[in-house]
Amino acid sequence: MDSEFDFDLQPPAMIMPTYPKPRRRLVGKPLLYTISIFASLGVFLFGYDQGVMSGIITGPHFIKYFDTPGPIEVGTMVSVLEIGAFVTSIAAGRVGDTIGRKGTLLIGGVVFTLGGAVQTFANGFWMMVVGRIVSGFGVGLLSTIVPIYQSEISPPSHRGALACVEFTGNIFGYAFSVWTDYFCSFIDSDLAWRIPLSLQCVIGAILAAGSLLIPESPRWLIDTDQDDEGMRILADLHGGDLDDPIAKAEFNEIKDKVLMERQTGEGRSYAMMWRRYKRRVLLAMSSQAFAQLNGINVISYYAPRVFEQAGWIGRQAILMTGINSLIYVLSTLPPWYLVDRWGRRPILLSGASVQLLIKMALALSATGFWMFLDVPWTPNAVVVSVIIYNAAFGYSWGPIPWLYPPEIMPLAVRAKGVSLSTCTNWAFNYIVGAGTPWLQDVIHWRLYFMHAFFCVCSFVLVYFLYPETKGVPLEEMDAVFGEESEKAQEMRTSLEHAPLISSSRTAANSYPPKPVQRSAGRSGGGWLGRLFGPRSPGNAAYHPIETEELTTLHTEGRHSHSNREDAFRDTRPED
């Protein structure tokens with residue numbers, strides 16, 4: 001019987017709860033290798049920018065458009081990049097410490113892209129010069145921050161290899177630019193030189209966009225008291241487990257080092273760095289200086305001119321430069337395997353020692369010798385000599401000066417120390433780049449004997465002054481330079497006068513912190529304000545609380561870097 005209260009009692013369709021799909025993310029080795037490949041794109045940029053002008057300046061359309069530029073004008077257009085790079089490589093110390101490694105990568109990529117656009121649409125000599133300077137600004141930031149970033153995310157057992165992969169990216173960028181110049185030389189218009197320059201914009205834009213996706217350096221995060229985020233990234237680099245004992249031990253070691261540096265009370269100025277770490281700063285700067293004085297950019301910047309002087313004409317000179325660049329790339333591959341097995345010193349010494357010193361110095365000398373003889377087979381002899389020299393340099397003095405400075409500088413002043421070494425690179429880069437065309441016209445083949453002499457000097461310097469850093473964790477580099485006991489005494493003295501630590505912050509398991517989820521509304525643009533604002537206050541209340549399982553790891557690591565190397569070492573067959 002129907003009623004006004006009759007209801008349809010059929011069960012409603014079941015509504016299944018929905019949950020957000022778990023976010024997929026890279027962890028462990030895939031994350032580490034992805035970051036390293038991306039960082040290599042940053043050095044690919046300035047490798048490309050260094051090489052792209054070498055083929056352009058010999059092209060007929062470029063020469064005609066710029067009204068047959070003389071040696072001074074050519075040298076200026078090529079080497080003025082180093083002026084911009086020199087300026088920002090000094091500033092990168094402050095920028096990298098303030099806005100972080102990611103923010104500096106982003107700015108460097110954007111500035112480089114703008115400079116490439118100005119060069120592409122240059123309508124005269126001065127516009128090209130301005131474009132090169134602006135690109136140099138981007139190059140200075142990238143060439144300083146990329147090695148720092150790479151060293152800070154790499155485990156000790158792989159740090160050298162990953163830095164050498166990065167250098168291969170630099171030389172691959174150079175080779176890519178040379179072959180781009182060669183293929184564009186078949187274009188019968190001004191596009192022959194505008195297209196190679198325009199590719200800088202594409203690569204720079206990719207780098208700028210990708211910098212938004214990579215994680216920040218965990219050491220920079222911990223140094224600025226963003227401990228939870230720093231712990232999260234360390235855990236990701238070790239496989240994604242927040243309870244991983246190695247990740248926890250590494251966190252504690254980094255944090256202890258940060259606090260010890262703060263307790264000394266000397267700040268982070270350039271003056272303090274020079275006073276306390278003078279030897280390290282000088283070694284870092286000298287490695288970059290001799291990398292240039294050994295003569296590599298005579299070839300990198302002006303290889304087509306060198307081959308033209310030897311008898312290769314026009315497009316043939318660019319082709320020989322391209323072949324040379326491929327050998328150059330291949331020569332950077334052996335250090336991937338050797339640098340963390342042999343060490344830094346053996347590679348630098350073997351690159352300039354009895355066997356390879358003959359190849360490096362005599363290859364340069366032979367280049368001058370064959371030009372002096374001016375016989376029919378001079379062109380082939382010059383090509384062989386240049387290839388031998390480039391291969392020896394790419395194996396040794398090419399990658400190591402980019403690896404060594406960020407390794408030996410402590411976290412508190414790492415960005416500033418590397419900025420000084422990098423600006424040294426660009427200063428000597430400019431001297432070599434600007435002076436080479438003039439010296440080629442004035443002293444001719446004698447130029448190569450001058451650089452051969454510097455190859456000998458670099459051997460002497462490394463043999464007597466450079467310590468080995470293979471497998472040493474970054475936080476334990478003081479022991480390599482004999483500074484550990486002095487700092488430990490200062491730490492004890494300062495702690496005797498330090499206020500008692502609040503017991504509320506020493507609760508068990510309070511450190512390393514458990515990372516918390518970021519709120520959805522958090523903006524990633526906070527680094528811009530930090531660039532012009534004061535640094536965040538130190539976390540003076542931090543106290544490392546270690547669980548029983550990682551006490552052994554942390555204690556052994558503090559007293560012996562070999563044990564720490566075992567903790568970080570991935571399973572792989574031994575030699």
Side-chain angles (χ1 to χ4, degrees), residues 43 46-47 50 82 85-86 89-90 92-93 140 143-148 150-151 154 159-164 166-168 170-171 273-274 277-297 300 332 335 338-340 342-353 356-357 360-361 392-410 413-432 451 453-470 472 474 477 480-481:
V43 295
F46 64 86
Q50 284 179 291
E82 278 73 49
F86 176 83
S89 61
I90 296 177
S143 60
T144 300
I145 211 65
V146 169
I148 295 174
Q150 180 69 73
S151 69
S154 302
R159 190 172 61 235
L162 293 173
C164 290
E166 188 180 289
F167 179 75
T168 299
N170 175 263
I171 304 307
M273 178 182 67
W274 181 256
Y277 303 110
K278 181 186 297 185
R279 181 188 173 194
R280 301 197 206 189
V281 174
L282 289 175
L283 290 180
M285 295 173 68
S286 67
S287 67
Q288 290 285 17
F290 274 98
Q292 302 307 315
L293 291 174
N294 284 356
I296 184 58
N297 279 330
S300 297
T332 66
L338 298 175
V339 70
D340 287 317
W342 289 7
R344 287 51 163 159
R345 276 175 52 90
I347 289 180
L348 287 175
L349 289 172
S350 63
S353 65
L356 286 180
L357 175 60
M360 294 174 74
F393 181 89
Y395 150 80
S396 56
W397 279 89
I400 304 302
W402 293 103
L403 163 65
Y404 203 66
E407 278 192 323
I408 65 176
M409 298 306 300
V413 291
R414 180 169 295 136
K416 293 182 175 66
V418 175
S419 75
L420 286 183
S421 71
T422 305
C423 77
T424 302
N425 167 77
W426 294 117
F428 281 87
N429 226 314
Y430 175 77
I431 293 171
V432 173
H451 291 295
F453 168 75
F454 287 118
C455 291
V456 180
C457 295
S458 66
F459 171 84
V460 175
L461 182 74
V462 172
Y463 184 81
F464 288 103
L465 297 178
Y466 279 45
E468 182 57 69
T469 58
K470 179 190 72 171
V472 182
L474 297 179
M477 206 61 66
V480 174
F481 289 88

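We number each residue from 1, following the sequence as shown. Computed from a prediction, not measured in an experiment: that's the story for all the values here.
- Not counting sequence neighbours, the partners of Ser458 by the side-chain contact (heavy atoms from CB on, under 4.5 Å) test are Phe290, Asn294, Ala352, Trp397.
- Rounded to the nearest 0.5 angstrom, Glu468 CD and Trp342 CH2 are separated by 12.5 Å.
- Separating the CG atom in Asn429 from the OG1 atom in Thr422 is a distance of 11.5 Å, to the nearest 0.5 Å.
- Nearest heavy-atom pair, Thr424 versus Ala289, reported as atom, atom and distance to 0.1 Å: CG2-CB, 3.9 Å.
- For the atom pair CD (Gln150) and SG (Cys164), the distance works out to 10.0 Å, reported to the nearest 0.5 Å.
- Between the NZ atom in Lys416 and the CE atom in Met409 there is a gap of 10.5 Å [rounded to 0.5 Å].
- Pro467 has its side chain within reach of Tyr404: a pair of non-hydrogen atoms, C-beta onward, lies under 4.5 Å apart.
- Residues Gly398 and Trp402 come closest through the heavy atom pair O-CD1, 3.3 Å.
- Contact between Met273 and Val281 at its shortest, heavy atoms only, is CG-CG2, 3.9 Å.
- Closest approach of Ile347 to Val339, counting heavy atoms only: CD1-CA, 3.5 Å.
- The two residues Leu474 and Pro406 come nearest to each other via the heavy atoms CD2-O, 4.2 Å.
- A heavy-atom distance below 4.5 Å is found between the side chains of Leu283 and Arg279.
- For Ala163, the side-chain contact (heavy atoms from CB on, under 4.5 Å) partners are Leu403, not counting sequence neighbours.
- Here Ser287 pairs with Pro401, Pro405, Tyr466 under the side-chain contact (heavy atoms from CB on, under 4.5 Å) rule; sequence neighbours left out.
- Between Ala415 and Thr144 the shortest heavy-atom distance is O-CG2, 4.3 Å.
- Scanning for side-chain contact (heavy atoms from CB on, under 4.5 Å) contacts around Ala427 gives Phe86, with sequence neighbours left out.
- In terms of the ring pair (Phe, Tyr, Trp, His ring centres under 6.0 Å) criterion, Phe454 has no residue partners (sequence neighbours excluded).
- Summarising the geometry, atom CG belonging to Leu282 is positioned 4.0 Å from atom CH2 belonging to Trp274; distances are rounded to the nearest 0.5 Å.
- With sequence neighbours excluded, the residues satisfying salt bridge (charged side-chain N to carboxylate O under 4.0 Å, His left out) with Glu407 are Arg159, Arg344.
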Evaluation steps, side chain to side chain donor-acceptor pair (under 3.5 Å), between Ser143 and Trp426
CA-CA 10 Å; Ser143 60; Trp426 294 117; 2.9 Å; yes
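- Annotation: the span from Phe459 atom CZ to Ser396 atom OG amounts to 12.5 Å, rounded to 0.5 Å.
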